[in-house]
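The model shown is predicted, which means the values in this text are computed figures rather than measured ones. To find a chain, count down the sequence lines: A is the first, B the second, and so on, and within it residues start at 1.
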Amino acid sequence: MNLRRDVFQAIADPTRRSILLLVASQAMTAGAIAANFNSARPTVSKHIQILTECELLHQEQVGREVYYQLNLEKMKDIADFIEPFRQMWDARFNSLENLMKQHKKS
Amino acid sequence: MELKTKVQAEPGRQEIFITRHFDLPVDLIFRAYTEADLLAQWMGTKVITLENKRHGSWQIETSDPNGNVVFKANGVIHEIETNSKITRTFEMENTGFPIQLEYLTFESVSDETCLLTVHTIFKSVTDRDNLLKMPFAFGLSMAHDRLQNLFTN
């Protein structure tokens, strides 16, 4: 299977995106990550496993604990540095424009 | 074709500029930012608080299809001038990212068109670069979510 596609599928899930955000500024254990969600621990573990498999998360063993950290290089691989950000805002502003065009008519 | 939305992020600087031309009068774009129900619709989020006044607060939260809150953001409005500008802070809760400062400028270009500039200041160059690498961090909503909603509902 195409790895690039895997990465996009990985970040398409809102819980997985939340996990990436959580570990973006600090390495965390699976338990600490799971504590931020209402979902069952095995569900969160599954998400962490998927993110690790497509290399968006790095694992690091510190004593008896495994810490998860964001792999920024991989995030960068997803696409050009600014283009996804620009596209996200472009899509959002397109929604704004469509919405307000309807308001203008009514 | 020229892009309607542009992002300027110079290397080594802790700021970004987003500019967007709209084929709409400036007052309609200002309304889309200051009326809670409109903001909720185009941002794809729930607006909890939106006090359009100096020192007023704002708060949004986004849920996944199962109703779990996956994103929360809040801030304070420092300056607000109708059809002209909004200056506000932006804090993403539970992420560890430092608070950002946003200068929104609304400019009328003609009776039927306008220009919006969002100038965002980050605490550091690294904070800016990390966030640019994660576009979904801004609201955690993607076109994909809406597709998913269509299929699950």
What are the two closest non-hydrogen atoms of Asn68(B) and Ser39(A), and how far apart are they?
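Nearest heavy atoms, Asn68(B) then Ser39(A): ND2-OG, 4.3 Å.
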Could you report the tightest heavy-atom contact between Leu72(A) and Asn130(B), atom names first, then the distance?
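Closest approach of Leu72(A) to Asn130(B): CD1-OD1, 3.3 Å.
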Report yes or no: does [X] contribute a side-chain atom to a donor-acceptor pair with the main-chain N or O of [Y] at less than 3.5 Å?
X	Y	value
Ser25(A)	Thr95(B)	yes
Arg92(A)	Trp42(B)	no
Glu97(A)	Asp23(B)	yes

Using 0.5 Å steps for rounding, measure from the [atom1] atom of [X] to the [atom2] atom of [Y].
X	Y	atom1	atom2	value
Phe22(B)	Lys101(A)	CZ	NZ	10.0 Å
Arg86(A)	Lys4(B)	CZ	NZ	12.0 Å
Arg17(A)	Thr62(B)	CZ	OG1	9.5 Å
Gln87(A)	Thr5(B)	CD	OG1	10.5 Å
Ile18(B)	Phe93(A)	CD1	CZ	6.0 Å

Counting C-beta onward and ignoring hydrogens, is there a side-chain heavy-atom pair between Phe85(A) and Ile16(B) closer than 4.5 Å?
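Yes - at least one pair of side-chain heavy atoms lies under 4.5 Å apart.
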Do Pro25(B) and Lys104(A) have side chains that get closer than 4.5 Å, going by heavy atoms?
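Yes, side chains in contact.
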Hey, quick one: are [X] and [Y] part of the same hydrophobic cluster, counting side-chain heavy atoms closer than 4.5 Å, chains of contacts allowed?
X	Y	value
Tyr33(B)	Val76(B)	no
Leu131(B)	Tyr103(B)	no
Phe30(B)	Leu115(B)	no
Tyr67(A)	Leu51(A)	no
Leu101(B)	Ile77(B)	no

Against chain B, label Asp90(A) side chain, backbone, both or neither, depending on which of its atoms sit under 4.5 Å from a heavy atom there.
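For Asp90(A), backbone and side chain are both near chain B.
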Using non-hydrogen atoms only, which part of Asn98(A) is less than 4.5 Å away from chain B: side chain, backbone, both, or neither?
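Asn98(A) has no heavy atom closer than 4.5 Å to chain B.
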Quick one, Trp89(A) with Val118(B), criterion side-chain contact (heavy atoms from CB on, under 4.5 Å). Give me CA distance, side-chain angles, the key distance, then yes/no.
CA-CA 11 Å; Trp89(A) 276 106; Val118(B) 182; over 6 Å; no
Which atoms of Glu112(B) come close to chain A, meaning under 4.5 Å heavy atom to heavy atom: side chain ones, backbone ones, both, or neither?
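Just its side chain gets close to chain A.
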Side chain, backbone, both or neither: which part of Leu116(B) has a non-hydrogen atom closer than 4.5 Å to chain A?
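When you check distances to chain A, only side chain atoms of Leu116(B) fall under 4.5 Å.
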After noting the C-alpha distance and the side-chain angles of Arg20(B) and Asn94(A), does the key distance pass the side-chain contact (heavy atoms from CB on, under 4.5 Å) rule?
CA-CA 10 Å; Arg20(B) 165 76 183 212; Asn94(A) 287 342; 2.9 Å; yes
Please name the residue in the list Leu28(B), Leu39(B), Ile29(B) that meets the side-chain contact (heavy atoms from CB on, under 4.5 Å) test with Leu96(A).
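It is Ile29(B), the one option of Leu28(B), Leu39(B), Ile29(B) that forms the side-chain contact (heavy atoms from CB on, under 4.5 Å) with Leu96(A).
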Exceeds 12 heavy-atom contacts within 6.0 angstrom, atom CG of Asp37(B):
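Yes.
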